[in-house]
Amino acid sequence: MTNLIENIKVTISNLIVQALSKAMEKGELPEFQIPDVFIEIPREKGHGDFSTNIAMQLTKLLRMPPQKIADSVINNINTEGTYIKRVEKAGPGFINFYLDNQWLYEGLKIIKNEDRDYGRINIGKGQKVMVEFVSANPTGPLHMGNARGGALGDCIAGVLEAAGYDVTREFYINDAGNQIEKFGASLEARYIQLLKGENAVEFPEDGYHGEDIIEHARAYIALYGDSLLNEDSQTRRKKLAEYAVQKNISDIKKVLEDYGIVYDVWFSEKSLYESGELEQTLKYLKDNGYTEEKEGALWFRSPDTEDEKEAVLVRNNGIPTYFASDIAYHRNKFQKRGFDWVINLWGADHHGHVARMKAAVKALGIDPDRLDIVLFQLVRLYRNGEIVRMSKRTGKAISLADLLEEVGRDAARFFFNMKASGSHLDFDLDLAVKQTNENPVFYVQYAHARICSIIRLLESEGVKVPEVNETDLTLLKEQEELDLIKKLVEYPEEIKISAQTLEPSRLTRYVIDVASSFHSFYNACRVKGAEEDLMKARLLLVDCTRIVIRNVLNLLKISAPERM
RNA sequence: GUGCCUGUAGCUCAGCUGGAUAGAGCAACGGACUUCUAAUCCGUAGGUCAGGGGUUCGAAUCCCUUCAGGCACGCCA
């Protein structure tokens, strides 16, 4: 639960504030309100371990050249009792801090001691957050959009857990409303066609044309025969839809499990109708003036009177829209179940609804900032350098199940999490299964396997990973060793930023960096065969690397193989 | 037409609450296995940050504009 980097940043930041105050007292600097001092880790090694641009930021306010301000800070800073061993002014006015390597050794101790918990922080303070993702219509199999949303949502949930939030993963089942009606009508048509011939009934214009509808009807007949022919149409549709929806949901559950996703809650849209929550929500909106009757329908009137697009809540045929149940659903999330923070993952094609949803939440009297909607761009599959739209085998759109069969869970999850959600994603099916250095999944997993191999080998020779207190970590001073430790020490900070930005792709890139630093270390430094104390220190470093890679992969639910 | 997203090395992408010579992986080229897994490493080369204006001591980053690609604008979800 220790974020060493953050602690050091806070320390340095405080020292600068003190130095500035002291400079003011001495009259070196005019009196002014000290702003937040941001500390960063410079990209260039030559720019120190930590750095700040505060002097340049104060230039305008103090009407003094940044060099002079930096000098004043450096002259008045007291670094006694810290890891800082040198402070320098550099470039146009940066202040760079060089630390004693001791801070890195401290970092290793933390990793070793926290082990599986290393990386966990507590910025969430146990707040209740719901991540709702995938939420696909139960009218067919999951597609590539669901696959990306699934990986993203699950990893966002994982990151937030690591950041100290109380996370609920939820799947919203759209088992009510218009599309279920259509689904039922399509099933009914196929059912009758199968029993009485193609021309017995016309297939609905806007129905679901997929092969899977016929399969559902056929399966139903296999189980229950033609019993529904005697029922009235409404009952027939209802029974067929119930059957197929249930079947689809269980298929969806299974595929998602194969994908590594386990939900805490499967929430039924229909239940909002049955519990009366939908009705209550509409009543609330009416009573508070957020609705308008027009052309026989009930419209939502946004609390933001501006140019907000209008939307129908209840159609003129009396059937509520998806938007209406979605409002009731969010009322349920926030008010009935008391979530502090709600995150929804939507495909970018739904972006037009973000403003409307937020406005609706506001109308409910809930701060819309407590709702975050993460939009992700859609996916294009590539094979042999060409876009793939259909499965060769089935001729249908490629489903998540197909993808998992072709590339496996690890590659799928890794690839979907390599890029920021906002960027378009080209998924290279050939690359995902390649067992070469072109494929980053293997690169990272290989690093882990290599580490385990070293530990295994030494253990077979009677050398165990040593305890921290019996290891002289100060022997680790090669550049590659220090670079690797520095990388490992950044992990909690990476979790923090990923949680704040809701961008787990950052962790995927981070773990590639860790693997890279490890491989460089491996080629530069020997563990086995080094002088005993050094060997022990390196073995501990290697073990810490293992811990970090494993923890990241676990969080992303990608396997960390011990042999490859 | 209106709105949103994207445009950075040959390819795929980081960087985008303004800051130090614009980073990484892959591909290309040249090297490294008698020693812990070469699924690895080291090095070289590669850029008008889509174009043009502006704000600033300073812009890939902020503002305006043009161009290109994607998406959304339903009593669908």
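Chain naming here is simple, since letters A, B, ... match the order of the sequence lines and numbering starts at 1 in each.
Residue contacts for Glu295(A): at a heavy-atom cut-off of 4.0 Å it reaches a base atom on one of the strands shown. The residue Arg563(A) sits close to a base: some heavy atom pair falls under 4.0 Å.
Atom name C1', nucleotides A28(B) and A9(B): the rounded distance is 12 Å, in whole Å.
Closest to the side chain of Asn53(A), out of A14(B), U40(B), G19(B), is G19(B). Comparing atom distances between the Met564(A) side chain and each of C42(B), A38(B), A39(B) picks out A39(B) as nearest. Closest approach to the His519(A) side chain among G19(B), U40(B), A14(B) is made by U40(B) (side chain taken as heavy atoms from C-beta onward). Checking G69(B), C41(B), A20(B) against every side-chain atom of Asn96(A), the shortest atom distance belongs to A20(B). Checking C26(B), C75(B), A20(B) against the side-chain heavy atoms of Glu438(A) singles out C26(B) as nearest.
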For residues 51-58 of chain A, please give each side-chain donor-acceptor pair under 3.5 Å, one per line with the distance, not counting sequence neighbours.
{"unit_1": "Ser51(A)", "atom_1": "OG", "unit_2": "Asn96(A)", "atom_2": "OD1", "d": "3.1"}
{"unit_1": "Thr52(A)", "atom_1": "OG1", "unit_2": "Phe38(A)", "atom_2": "O", "d": "3.0"}
{"unit_1": "Thr52(A)", "atom_1": "OG1", "unit_2": "Ile54(A)", "atom_2": "N", "d": "3.2"}

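Residue Lys238(A) qualifies as open at atom NZ: its count of foreign heavy atoms under 6.0 Å is 12 or below.
A distance cut-off of 5.5 Å between ring centres, combined with a plane angle under 30°, leaves Phe94(A) outside any stacking arrangement with the base of G19(B). Look at His424(A) and the base of G70(B); the rings do not stack under the cut-offs of 5.5 Å between centres and 30° between planes.
A donor atom on one side chain and an acceptor atom on the other are not found under 3.5 Å apart for Ser423(A) and Gln377(A). Checking Asn174(A) against Gln179(A) by side-chain atom types alone, no donor-acceptor pair falls below 3.5 Å.
Listed by chain and residue number, nothing satisfies the salt bridge (charged side-chain N to carboxylate O under 4.0 Å, His left out) test with Asp428(A) (two or more places apart in sequence, or in another chain).
Going from atom CZ of Phe521(A) over to atom C1' of A38(B) covers 17 Å, rounded to whole Å. Counting to the nearest Å, the C1' atom of C13(B) and the CE atom of Met418(A) are 9 Å from each other.
Scanning RNA chain B for stems, defined as runs of 3 or more consecutive Watson-Crick or G-U wobble pairs whose donor-acceptor distances all fall under 3.5 Å, gives the following ranges: B:1-7 with B:67-73, B:10-13 with B:23-26, B:28-32 with B:40-44, B:50-54 with B:62-66.
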